Protein chains: 2
Amino acid sequence: MGAHTNTRTRIQEVAIKLFTEQGYEATSLREIAEALGVTKAALYYHFKTKEDIVASLTEDRAESIQALVTWAKEQPRTPETRREIVRRYSEDMTRGRHHEVMRFMERNQTALRGHGKVEEMRERMTGLIDVLCEPGDSPAVRLRRSMAVFAMHAVWFVLIDQNVTDEQRIEAALDVALELVDAPAG
Amino acid sequence: MGAHTNTRTRIQEVAIKLFTEQGYEATSLREIAEALGVTKAALYYHFKTKEDIVASLTEDRAESIQALVTWAKEQPRTPETRREIVRRYSEDMTRGRHHEVMRFMERNQTALRGHGKVEEMRERMTGLIDVLCEPGDSPAVRLRRSMAVFAMHAVWFVLIDQNVTDEQRIEAALDVALELVDAPAG
DNA sequence: GTCTATACAGGGATAGAC
DNA sequence: GTCTATCCCTGTATAGAC
């Protein structure tokens, strides 16, 4: 790992920041380059295209989710399994840049349409919702399970201007998500 | 109301469709014009800028939300008031293009940064969450209330490939949202 | 590994004819 | 009310020097 490793990482950091704040399409490679004090051409040395930067950002995340889904498929579909999926997912979100990546994807959904790696991630997310549901579940139950997962993303970008620690976020998300994956009261 | 009224409406219809499907930035005025069989310049007769098209789309929606928030502020902050807010919001979403507008906004959040009318709507949404909360509420409760509102949006764009009727969607959203605005069990 | 310079396409927007 | 023609800007991407 030479000096280029550092530059590559710095590009990723600045890119995810700007993509999230200003939008993917609204952020030009020139802006990213300027924020780093390099030129556009330097970026093209590290990433073949703009899309490639996004791909590099989502790869880790996709693997994590896939590992969880694979594990979940080997378990019985019980309430306790669902709770364990939620716990593992929540814990996973605290690692690396995972919640930043999810935020970036939530906020740029349409702009990322058709990007190979992004579509792949979308499919994995659908797989995750699926293992939280059974074929006969009502729309309300399916919605509840989707909201459980979304709550674990959303907690990282709602509750702004409140001063909330990371620990409080994790606790709040778990609380809400666990409630939502339990059978509806009734 | 001359023939231009029709064209204006058709522009809005095509615009919201393409903005939602492909993304706001990814959709050019040329595309919208071609889909309508007119030219870019024709669009500029009806709307001063691209941003203006978005503004025209969000105006009705912003007024609706504001009316609800104004009403809510005059009520006591009781569980029953929260439930009534949810019922009214849910009902409102079934009118006009409201849920299409929300979907469009959800999917293009960053791209719409800084657009006057869009920021205005964002503030109104924050106001809505606020009337569902009290100052001392925990992060978990605030998250729960945010998720209640989001569930009423999300139900219109999750649960795809299931064949779900509009009535079923409304029922499911109400079910989940009402649960989420009630005090946490505990 | 990073630069300058440049090609090339496509965007939003305007002027003025019909 | 809609057209053609055009301006100007910014985007992605590449070639080739250092």
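Labels below follow one simple rule: chain letters A, B, ... track the order of the sequence lines, proteins then strands, and each chain is numbered from 1. Keep in mind it's a predicted model, so treat the numbers as computed, not measured.
Using a distance-only test at 3.5 Å, with no hydrogens or angles considered, a donor-acceptor pair links the side chain of A/Glu31 to the main chain of A/Ser28.
In this structure, the CD1 atom of B/Ile11 is 11 Å from the P atom of D/dG1, given to the nearest Å. One atom, CZ of A/Phe47, and another, P of D/dA13, lie 13 Å apart when rounded to the nearest Å. With rounding to whole Å, A/Lys48 atom NZ is found 14 Å from D/dT14 atom C1'. Straight-line distance from the CD1 atom of A/Ile53 to the P atom of D/dT12: 9 Å, rounded to whole Å. B/Lys50 has its NZ atom 12 Å from the C1' atom of C/dG10, to the nearest Å. Rounded to whole Å, atom P of D/dT2 lies 10 Å from atom CG of B/Asn6. Here C/dG1 presents its C1' atom at 13 Å from CZ of A/Arg10, a figure rounded to the nearest Å.
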Could you go through the salt bridge (charged side-chain N to carboxylate O under 4.0 Å, His left out) check for B/Asp175 and A/Arg144 one step at a time?
CA-CA 9 Å; B/Asp175 190 26; A/Arg144 208 174 250 106; 3.7 Å; yes
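Distances shorter than 4.0 Å separate some side-chain N or O of A/Thr7 from OP1 or OP2 on C/dT2. Distances shown here put a side-chain N or O of A/Tyr45 below 4.0 Å from the OP1 or OP2 atom of C/dG1.
For A/Glu21 and A/Lys17, the salt-bridge test passes: some basic side-chain N is under 4.0 Å from an acidic carboxylate O. The pair A/Arg124-A/Glu120 counts as a salt bridge, with a side-chain nitrogen and a carboxylate oxygen less than 4.0 angstrom apart.
Ring pair B/His98/B/Tyr89: centre-to-centre distance not below 6.0 Å.
Within residues 26-44 of chain A, the residues that have a heavy atom under 4.0 Å from DNA chain C are, in order of number, A/Gly37, A/Val38, A/Thr39, A/Ala41, A/Ala42.
Ring-plane geometry between B/Phe19 and B/Phe104 is classed as parallel, the angle between the planes falling under 30 degrees on a 0 to 90 degree scale with a further cut at 60.
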